[in-house]
Amino acid sequence: MKNTYSYELSIPEEKCSLTCTVHFSDRKSLSIQVKEDASIHVRAPYYVRQGRVEAFIEEKRDWIARKHLEMLSQKEASLPSLTPEQEKQAAILKRRFMNAAKAYFPGRCAELQKLTGGYYTKISIRNQKTRWGSCSQTGTLSFNYRLMMAPPAVIDYVIVHELCHLTYMNHGNAFWNKVESVLPDYALSRQWLKEHGWELTEAYHLLSLR
């Protein structure tokens, strides 16, 4: 058994999943910690079977989702308040990023779909709190407009992730193998989004220019 592995916890109401990093060690009980950076860590004794660990995570789904959102909110709240003038600038930026997303995603999805396969019926650009993208059973792909503030490789990762869901509506091995076949370094973009996703706001963008 590996000392560490990742488990994707599905959050149906948010149509997303949260990555839980499971650490096995010489300890006596199971525990879950959501750190200040919103990363989720599960600690388990060596003798506990993987299936029991994952059942434990599923039992704590509501708490994990609530705590994860709480930590994300705290990170955003740590930013200084915008001045009235900056608020106006933020509103302008939001419109620009939204329009840019509506122009960018259809073309890029069409390009990457040639590599992933699958068929989508519609592309929707939204402003979600905790989701970067989603794929519905009817083939609608939804993307968060704030991704336009992310590096191109990260945008590609989210697009490929959702395109692969057209074929695999889960996060099983076949799904991740398909993602990796298109983007061998997808893990780097995935990690970037975990660490820096909270920065993808107009407020952070403006304040970082100071």
Could you go through L200 and W132, starting from their C-alpha distance and side-chain angles, then the distance that decides it, and tell me whether this counts as side-chain contact (heavy atoms from CB on, under 4.5 Å)?
CA-CA 11 Å; L200 303 183; W132 298 112; 3.7 Å; yes

Side chain to side chain donor-acceptor pair (under 3.5 Å), that's the test. Do H23 and T21 meet it? Break it down for me.
CA-CA 7 Å; H23 308 267; T21 302; 5.1 Å; no

Under the criterion side-chain contact (heavy atoms from CB on, under 4.5 Å), I'd like the reasoning laid out for I125 against M98: C-alpha separation, chi angles, the key distance, then a yes or no.
CA-CA 8 Å; I125 304 301; M98 181 68 78; 3.5 Å; yes

Please lay out, stage by stage, how F175 and H161 fare under the test ring-ring contact (aromatic ring centres under 6.0 Å, His included).
CA-CA 9 Å; F175 168 82; H161 185 116; 4.9 Å; yes

So T4 and F24, side-chain contact (heavy atoms from CB on, under 4.5 Å) or not? Walk me through it.
CA-CA 6 Å; T4 304; F24 288 97; over 6 Å; no

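Inter-residue side-chain proximity for R43 and S31 is flagged as met; some heavy-atom pair is nearer than 4.5 Å. Proximity of M169 to C135: side-chain heavy atoms (C-beta onward) are separated by under 4.5 Å at one or more points. A heavy-atom distance below 4.5 Å is found between the side chains of F56 and I32. Considering only heavy atoms from C-beta on, L9 comes within 4.5 Å of E58 through its side chain. The shortest side-chain heavy-atom distance between N3 and Y46 falls under the 4.5 Å cut-off. Residues K178 and T167 form no side-chain contact, since every pair of their non-hydrogen atoms from C-beta on lies 4.5 Å or further apart. Between T140 and Y120 the shortest side-chain heavy-atom distance does not fall below 4.5 Å. A 4.5 Å side-chain heavy-atom check between I57 and V22 finds at least one atom pair inside the cut-off.
Remark: R131 does not engage E162 in a salt bridge, criterion side-chain N to carboxylate O under 4.0 Å.
Taking a 6.0 Å sphere around CZ of R27, one finds it holds more than 12 heavy atoms contributed by other residues, nucleotides or ligands. The environment of NZ in K194 is crowded: more than 12 heavy-atom neighbours from other residues, nucleotides or ligands sit within 6.0 Å.
When the ring-ring contact (aromatic ring centres under 6.0 Å, His included) test is applied to W63, no partner is found at least two apart in sequence or on another chain. Shown here are the ring-ring contact (aromatic ring centres under 6.0 Å, His included) partners of Y168, two or more places apart in sequence or in another chain: there are none.
Using the six-membered ring where Trp is involved, Y204 and W198 have ring planes that are perpendicular, over 60° apart on the 30 and 60° scheme. Ring orientation note: the planes of Y157 and Y186 are close to parallel, at an angle under 30° on the 30°/60° scale.
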Please tabulate, for the side chains in residues 99-112, all donor-acceptor contacts under 3.5 angstrom to protein atoms that are two or more places apart in sequence or on a different chain.
{"unit_1": "N99", "atom_1": "ND2", "unit_2": "R95", "atom_2": "O", "d": "3.2"}
{"unit_1": "R108", "atom_1": "NE", "unit_2": "D156", "atom_2": "OD1", "d": "2.8"}
{"unit_1": "R108", "atom_1": "NH1", "unit_2": "E111", "atom_2": "OE1", "d": "2.5"}
{"unit_1": "R108", "atom_1": "NH2", "unit_2": "D156", "atom_2": "OD1", "d": "3.4"}
{"unit_1": "R108", "atom_1": "NH2", "unit_2": "D156", "atom_2": "OD2", "d": "2.7"}

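The line from CZ of R126 to CZ of R146 is 12.5 Å long, rounded to the nearest 0.5 Å. Summarising the geometry, atom CD belonging to E202 is positioned 10.5 Å from atom CD belonging to E87; distances are rounded to the nearest 0.5 Å.
Under a hydrophobic-cluster definition in which Ile, Leu, Val, Met, Phe, Trp and Tyr are linked whenever side-chain heavy atoms come within less than 4.5 Å, directly or via other members, Y5 and L30 are assigned to the same cluster. Residues L115 and V158 fall within the same hydrophobic cluster, defined by Ile, Leu, Val, Met, Phe, Trp and Tyr side chains chained together at heavy-atom separations under 4.5 Å.
Between the side chain of Q89 and the backbone N or O of Q86 there is no donor-acceptor pair closer than 3.5 Å.
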